[in-house]
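These numbers come from a predicted model, not from an experiment.
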Amino acid sequence: MPVLLIGAFSAVFGEDTILNDWIAFIGKPIITFMVSVVVSFFTLGYARGFNKVELNQFMAACPASTASIILIIGAGGAFENELG
């Protein structure tokens, strides 16, 4: 769905517009991840009644449980680049 929307914007507005530059910027993986984290703070945090202290506790506990998964995925990507 997002790919279709981006394609539709480029077809309607042309490829050399400021709107397409912004869409390309927001479509980068690190920016998309950052936006999704900020949105999750509001939708899964503040909107459900958690305060700032509780959200900070969650953010401190999460990297410990996900570090091994991120390490394995990163090592797989690096290994793929070495092979290919």
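Criterion: ILVMFWY side-chain heavy atoms under 4.5 Å apart, direct or through other members. Under it, Phe25 and Val37 are not part of a common hydrophobic cluster. Phe58 and Ile70 are assigned to two separate hydrophobic clusters, defined by single-linkage of ILVMFWY side chains at heavy-atom distances under 4.5 Å. Hydrophobic clustering (side-chain heavy atoms under 4.5 Å, transitive across Ile, Leu, Val, Met, Phe, Trp, Tyr) keeps Val39 apart from Met59.
Note: Ile31 CD1 to Met34 CE = 4.5 Å, rounded to the nearest 0.5 Å. Rounding to the nearest 0.5 Å gives a distance of 6.5 Å between CG of Leu55 and CZ of Phe41.
Screening residues 59-78 for ring pair (Phe, Tyr, Trp, His ring centres under 6.0 Å) gives no qualifying pairs among residues at least two apart or on separate chains.
Clustering of Ile, Leu, Val, Met, Phe, Trp and Tyr side chains at separations under 4.5 Å leaves Leu71 isolated, with no partner residue. Residue Ile73 belongs to a hydrophobic cluster whose other members are Ile69, with links defined by side-chain heavy atoms closer than 4.5 Å. Annotation for Leu44: hydrophobic cluster partners, listed by chain and number, are none (ILVMFWY side-chain heavy atoms under 4.5 Å, direct or chained).
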Cut-off 3.5 Å, no hydrogens considered: what does the side-chain donor-acceptor table look like for residues 45-52, sequence neighbours left out?
unit_1 : atom_1 : unit_2 : atom_2 : d
Asn51  : OD1    : Val53  : N      : 3.3
Asn51  : OD1    : Glu54  : N      : 2.9

